[in-house]
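Working notes, structure below.
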Amino acid sequence: MDRSENIRISHYVCETEVLGPGRRFAVWFQGCNKRCEGCINPEGRQPDGGEWVAVDELLAKIGQQKGLQGITISGGEPFLQYAGLKRLIEDVKAETKLDIMLYSGYTLKELQDRYGSGLTVLLRQVDIFIDGEYRREEDHGTIYRGSDNQNIYFFTERYASFRQQIYGTKNRDIEFLADGEAVYLVGVPPKDFYPELIKKIRQSV
């Protein structure tokens, strides 16, 4: 299997408005080496979980959606599948007018040390990049970030004028989306969301 042509993903949703500006297609890469306390997607950490999906299939799904403003790529950890990530970003930019928002648990410096100039070329095609591990003690509800140690980079001018507004916004939104028998939480939930949810579910039964 040519892994530059395929990506192991946890899941994707065709439309959301809580993971970046406007209406977006979101895809979660499968597999992560981090073990952040309070991880919002623990199922996405297993390297052999999820399913293989062809990049062309994802592009076709994206192309079928109307009114999209961008695509958000999260995980898991997208950079563990660097070739597939690169192919997806390049093809989205070549074949659509959508913006790209990308998450990584690694810092920008860590990625630069690993990938060098190739990373610079890749990130020129990314409009918003959010880096760093989730730290529960620094989770203060800032929009688009799990914790305030994470940085938001604007690598293009598309959203640069919203920089201060984004950094100052504290109202995170989440969605629950159903896909067949599965229900997905989309967005960055409040701190301790899952323990509180389980507590309320147990109280209601």
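Excluded from the calculations below are hydrogen atoms, water molecules and symmetry mates; all remaining heavy atoms, backbone and side chain alike, are included. Keep in mind that what you see is a predicted model, and the values were worked out from it rather than measured. When a residue number appears, it is its place in the shown sequence, counting from 1.
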Does any non-hydrogen side-chain atom of [Y] lie less than 4.5 Å from one of [X]?
| X | Y | result |
| --- | --- | --- |
| Ile7 | Leu85 | no |
| Phe29 | Leu80 | no |
| Trp28 | Val186 | yes |
| Ile73 | Leu88 | yes |
| Ile71 | Ile62 | yes |
| Phe154 | Arg163 | yes |
| Thr169 | Gln165 | yes |

Value rounded to 0.5 Å, distance of [atom1] in [X] from [atom2] in [Y]:
| X | Y | atom1 | atom2 | value |
| --- | --- | --- | --- | --- |
| Gln81 | Trp52 | CD | CH2 | 5.5 Å |
| Lys86 | Gln125 | NZ | CD | 8.0 Å |
| Ser10 | Glu51 | OG | CD | 9.0 Å |
| Tyr159 | Ile166 | OH | CD1 | 9.0 Å |
| Thr96 | Phe25 | OG1 | CZ | 11.5 Å |

Using the side chain to side chain contact (heavy atoms under 4.5 Å, CB included) rule, pick out the option among Thr156, Ile128, Asp127, Val126 that qualifies with Asp99.
-> Asp127

Under the criterion side chain to side chain contact (heavy atoms under 4.5 Å, CB included), which of Thr120, Leu119, Val121 is the partner of Leu123?
-> Leu119

Report, as yes or no, whether the 6.0 Å neighbourhood of atom NZ on Lys61 holds more than 12 heavy atoms from other residues, nucleotides or ligands.
-> no

Atom CD of Glu37 with >12 non-hydrogen neighbours under 6.0 angstrom | no

Taking NZ, NE, NH1 and NH2 as the nitrogens, is one of them in Asp113 or Lys109 under 4.0 Å from a carboxylate oxygen of the other?
-> yes

To check you understand the geometry: which heavy-atom pair defines the closest contact between [X] and [Y], and what is its length?
| X | Y | result |
| --- | --- | --- |
| Asn41 | Gly76 | ND2-N, 3.7 Å |
| Leu19 | Met101 | O-SD, 3.6 Å |
| Ser147 | Glu133 | OG-O, 3.6 Å |
| Glu110 | Tyr106 | OE1-CA, 3.4 Å |
| Lys93 | Leu98 | NZ-O, 3.4 Å |
| Tyr144 | Tyr103 | O-OH, 2.7 Å |

When the ring planes of Phe79 and Tyr115 are compared, do they come out parallel, tilted or perpendicular, using 30° and 60° as the limits?
-> tilted

Are [X] and [Y] linked by a side-chain donor-acceptor pair shorter than 3.5 Å?
| X | Y | result |
| --- | --- | --- |
| Asp148 | Thr142 | yes |
| Ser104 | Glu77 | yes |
| Thr72 | Arg24 | yes |

With no hydrogens and no angle check, is any side-chain donor or acceptor of [X] less than 3.5 Å from a backbone partner on [Y]?
| X | Y | result |
| --- | --- | --- |
| Arg158 | Phe155 | no |
| Arg23 | Thr16 | no |
| Gln30 | Gln46 | yes |

With the 4.5 Å side-chain cut-off for hydrophobic clustering, are Tyr153 and Tyr134 part of the same group?
-> no

Apply side chain to side chain donor-acceptor pair (under 3.5 Å) to Asp131 and Thr107, showing your working.
-> CA-CA 5 Å; Asp131 77 342; Thr107 65; 5.0 Å; no

